[in-house]
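Just so you know, these numbers come straight off a predicted model, no measurement behind them.
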Amino acid sequence: MQQEKFLLLHGVGGIGKTELAKHYAMTYAEEYDAVVFVRFLDSMENTILSDTNFPIVHCTRSEEESDAAYLERKLQVLRQICTPRHLILLDNFDTGDCENLDFLTELPCPILVTSRVDYDGIFPQYEVDILSDESALYQMMAYYTKREPDLYTDAILKALNGHTMAVELVAKQMALHQLTFREMYEKLCAEGISGDDGKVRQLKDSTLREKTAFHHMEILFSVLDLSESEKQVLRCAALVGATSMERQYFEVISDLNEAEISSLDRLIQSGWISEVYQNEMCTLSTHPLIVEVLCEKLRPNSRECKRILIMSGAVASYIEKSENAEQRFLSVQWLDHMAHHIQGDDPELSYFFGTMCYPHSSVLSELGEFQNCNIVAAEALECFQKNFGELHEQMQWAYLMVGDNYRKAGIRKMPSDIMTWRSGSCGKMIMRRMSWKNEWRNCCRGCDCGKVCHFFHGI
């Protein structure tokens, strides 16, 4: 950072990029007046908007302030207060779209970024590879296992190819279940990990394949002897995604019972879920790579996740009414992730979408995430249609949501399937039955009521 104002740390997930960035900040703390740690939240606008994620002293959002107005005000404050003696750590910039990154790069302060996406040739980049210092890996294993290393320790480290997160998870798993190095090595071999796998690698397009970090994490997950309550907690963690959440809130929306709360403690001990205490508040988070593995291996579905679906639907229905702008923002983050990753085709999932799709979409629209709005709408339409058919009243919410999204985005031409529905007999029948905010009355194609039409005819 002495030579570069902007530096990107690139490497596979779980290799230690975040810890390296934090270690740099602590080592050179005397060179900076302030260091802020910021997680990338799917867009630069959202990353900066969140006061929880990107806090600035004496700069908070008023309830009546729009996203655009607060973003501009917050950027103005940053431009005024930032100096070369401030450091911004931007974590998990795992996107190929660097649009609006200049929000930060135009600031006079140095910026250290971690990313799984290879930006070599675009930004100054440092490659974070496996630990070459074997003694550090031995120390890590000894620290977590409280055991003296033996011949099998070396075999385990070779099998894991020095992948930092994999080594940490294996060591914590050994400590939790009181396994010897030999017993753990035999478990890894039984699942297909050996020292002949070759170097952990990741393609430049960030696609994770066999013999990559993702493959190793999948196998480590298979080694776990999970109870049903532990699986249930991990399904909930997978649906919440990488969004940090207060532990008490996670327990409530997941509707965890006593056995599952005990399982949550064990999963924290074993490293699959992280727990951090800050300002007397306990916060949980799950590493993005682990979230990917959980979604792939557990495939959370509406049948096994009824409780969190019901609670999340209640949260979604409250979003628009919440006076806390920051809480609305954070709720949208994990609800959006859930809508994209929940699987199933039963009525419970349909009712979940029916409860959440319109208010959730409305907030997404306010954030300018038009594409995500329509992804949620398309998933809702498919689910409703499969469970209830075109004539069911639930279809009205999904179709109206799509129409409203296009209206808010200022796009006058809707997709052909929406236009077909509006003009077809199914659309007429539902629209005749509907009452939308007391403005819909016996409406059908060709009506001139002037009220229905602010959704469809007016687009």
K.L.:
Please test Leu298 against Glu304 for side-chain contact (heavy atoms from CB on, under 4.5 Å), starting from the C-alpha separation and ending with a verdict.
P.N.:
CA-CA 10 Å; Leu298 291 176; Glu304 295 171 320; over 6 Å; no
K.L.:
Looking only at the aromatic ring of each residue, does the gap between the centers of Tyr28 and Tyr24 stay below 6.0 angstrom?
P.N.:
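Ring centres of Tyr28 and Tyr24 closer than 6.0 Å.
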K.L.:
Donor-acceptor pair, distance only, cut-off 3.5 Å: does the side chain of Ser50 make one with the backbone of Asn46?
P.N.:
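Not at all, since once roles are kept as given, no pair shorter than 3.5 Å links the two residues.
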K.L.:
Do Ser254 and Glu260 touch side chain to side chain, with heavy atoms closer than 4.5 Å?
P.N.:
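SC-SC contact between Ser254 and Glu260 ruled out.
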K.L.:
For the side chain of Asn53 and the backbone of Thr47, is there at least one donor-acceptor N/O pair under 3.5 Å apart?
P.N.:
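Yes: the side chain of Asn53 pairs with the backbone of Thr47.
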K.L.:
Looking at Ile122, I want to see if its CD1 is surrounded by more than 12 non-hydrogen atoms of other residues, nucleotides or ligands under 6.0 Å.
P.N.:
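More than 12 heavy atoms, drawn from other residues, nucleotides or ligands, come within 6.0 Å of this atom.
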K.L.:
Specify the closest pair of heavy atoms between Tyr119 and Gln125, including all atoms of both residues, with the distance to one decimal.
P.N.:
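Heavy atoms only, the tightest pair is N-OE1, 2.8 Å.
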K.L.:
Return the minimal non-hydrogen interatomic distance between Arg147 and Leu179, and the atom names on each side.
P.N.:
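Smallest heavy-atom distance, with atoms named: NE-O, 3.1 Å.
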K.L.:
Do Ser312 and Trp334 have side-chain heavy atoms sitting under 4.5 Å apart?
P.N.:
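Answer yes - side chains close enough.
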K.L.:
Report yes if the side chains of Arg307 and Asn257 come closer than 4.5 Å at any heavy-atom pair, otherwise no.
P.N.:
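Side chain of Arg307 against side chain of Asn257, heavy atoms only: contact under 4.5 Å found.
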K.L.:
Keeping Lys74 on the side-chain end and Ile48 on the backbone end, is there a donor-acceptor pair under 3.5 Å?
P.N.:
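Checked: pair present.
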K.L.:
Does any N or O in the side chain of Lys297 come within less than 3.5 Å of the main-chain N or O of Ile219, such that one atom is a donor and the other an acceptor?
P.N.:
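No, Lys297 side chain to Ile219 backbone: no donor-acceptor pair under 3.5 Å.
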K.L.:
Any side-chain heavy atom of Gln76 within less than 4.5 Å of one from Cys59?
P.N.:
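No, too far: nothing below the 4.5 Å cut-off.
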K.L.:
Roughly how far, to the nearest 0.5 Å, is the OG atom of Ser263 from the CG atom of Leu256?
P.N.:
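So the gap between those two atoms works out to 9.0 Å.
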K.L.:
If every non-hydrogen atom of Lys172 is compared with every non-hydrogen atom of Ser270, which pair is closest and at what distance?
P.N.:
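Heavy-atom minimum between the residues: CB-O, 3.6 Å.
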K.L.:
Give the minimum heavy-atom separation between Ala237 and Thr286, together with the two atoms involved.
P.N.:
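Nearest heavy atoms, Ala237 then Thr286: CB-OG1, 3.9 Å.
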K.L.:
Side-chain contact test, heavy atoms from C-beta onward, threshold under 4.5 Å: evaluate it for Val170 versus Tyr144 and give yes or no.
P.N.:
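No. Closest side-chain heavy atoms not under 4.5 Å.
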K.L.:
Are any of the side-chain nitrogens in Glu65 or Arg73 under 4.0 Å away from the carboxylate oxygens of its partner?
P.N.:
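A salt bridge links Glu65 with Arg73.
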K.L.:
Return the CG to CG distance between Asp102 and Leu107, rounded to the nearest 0.5 Å.
P.N.:
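Going from CG on Asp102 over to CG on Leu107, the span is 9.5 Å.
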K.L.:
Got more than 12 heavy atoms from elsewhere within 6.0 Å of CD, Glu228?
P.N.:
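Yes, because the 6.0 Å sphere around CD of Glu228 holds more than 12 heavy atoms from other groups.
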K.L.:
Closer than 3.5 angstrom, by distance alone: can the side chain of Lys5 be matched with the main-chain N or O of Thr105 as a donor-acceptor pair?
P.N.:
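Yes; judged by distance alone, with no hydrogens or angles, the pair exists.
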K.L.:
Is any side-chain heavy atom of Thr243 closer than 4.5 Å to a side-chain heavy atom of His337?
P.N.:
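Contact flag for Thr243/His337 side chains = no.
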K.L.:
Walk me through whether Leu87 and Glu31 qualify under side-chain contact (heavy atoms from CB on, under 4.5 Å).
P.N.:
CA-CA 9 Å; Leu87 174 65; Glu31 296 189 10; over 6 Å; no
K.L.:
Grab the two heavy atoms, one from Phe250 and one from Met245, that are nearest each other, plus how far apart they are.
P.N.:
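Residues Phe250 and Met245, closest heavy atoms: CA-SD, 3.6 Å.
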K.L.:
Are there over 12 heavy-atom neighbours, none belonging to His177, within less than 6.0 Å of that residue's NE2?
P.N.:
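Check passes, neighbour count above 12.
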K.L.:
Output yes when a side-chain donor or acceptor of Lys17 lies under 3.5 Å from a complementary backbone atom of Gly11, and no otherwise.
P.N.:
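Such a contact is found between Lys17 side chain and Gly11 backbone.
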K.L.:
Run the side-chain contact (heavy atoms from CB on, under 4.5 Å) check on Asp150 and Arg182 step by step: do they pass?
P.N.:
CA-CA 9 Å; Asp150 58 24; Arg182 178 176 181 174; 5.9 Å; no
K.L.:
Does Ser274 offer a backbone N or O that forms a donor-acceptor pair with the side chain of His287 under 3.5 Å?
P.N.:
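Between the backbone of Ser274 and the side chain of His287 there is no qualifying donor-acceptor contact (under 3.5 Å).
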K.L.:
Let me confirm one number: the CZ-OG distance from Arg61 to Ser66, rounded to the nearest 0.5 Å.
P.N.:
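Reported value, rounded in 0.5 Å steps: 7.0 Å.
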K.L.:
How long is the gap from CG on Asp120 to NE2 on His10, to the nearest 0.5 Å?
P.N.:
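One finds 9.0 Å between CG of Asp120 and NE2 of His10.
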K.L.:
Less than 4.5 Å apart, side chain to side chain, heavy atoms only: is that true for Val276 and Ser285?
P.N.:
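No, every pair of side-chain atoms sits at 4.5 Å or beyond.
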K.L.:
Should Phe40 and Val113 count as side-chain neighbours, where that means a heavy-atom distance under 4.5 Å?
P.N.:
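Result no, sub-4.5 Å side-chain heavy-atom pair not found.
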K.L.:
Tell me, with the steps shown, if Leu90 and Leu101 meet side-chain contact (heavy atoms from CB on, under 4.5 Å).
P.N.:
CA-CA 11 Å; Leu90 179 61; Leu101 187 58; 4.2 Å; yes
K.L.:
Give the C-alpha distance, both sets of side-chain angles, the deciding distance and a yes or no for side-chain hydrogen bond (donor to acceptor under 3.5 Å, both in side chains) between Arg235 and Gln232.
P.N.:
CA-CA 5 Å; Arg235 289 187 192 103; Gln232 186 61 26; 2.9 Å; yes
K.L.:
Main chain of Val117, side chain of Ser115: is a donor-acceptor contact present, judged purely on distance under 3.5 Å?
P.N.:
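Pair found, side chain donor or acceptor close to backbone of Val117.
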K.L.:
What's the spacing between Leu239 CG and Met338 CE if we round to 0.5 Å?
P.N.:
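One finds 4.5 Å between CG of Leu239 and CE of Met338.
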K.L.:
Is any NZ, NE, NH1 or NH2 atom of the basic residue among Lys187 and Glu183 found under 4.0 Å from an Asp or Glu carboxylate oxygen of the other?
P.N.:
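Salt bridge flag = no for Glu183 with Lys187.
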K.L.:
Using atom types as modelled and distance alone, determine if a side-chain donor or acceptor of Glu230 lies under 3.5 Å from a backbone N or O of Ser227.
P.N.:
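Checked: pair present.
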K.L.:
Please confirm whether the backbone N or O of Thr60 pairs with a side-chain atom of Asp51, one donor and one acceptor, at under 3.5 Å?
P.N.:
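Absent.
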K.L.:
For the atom pair CG (Leu289) and CD1 (Ile15), what is the distance rounded to the nearest 0.5 Å?
P.N.:
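Reported to 0.5 Å precision, the distance equals 10.5 Å.
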K.L.:
For Thr164 and Met140, work out which heavy atoms get closest and say how close.
P.N.:
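In terms of heavy atoms, the two residues are closest at CG2-CE, 3.7 Å.
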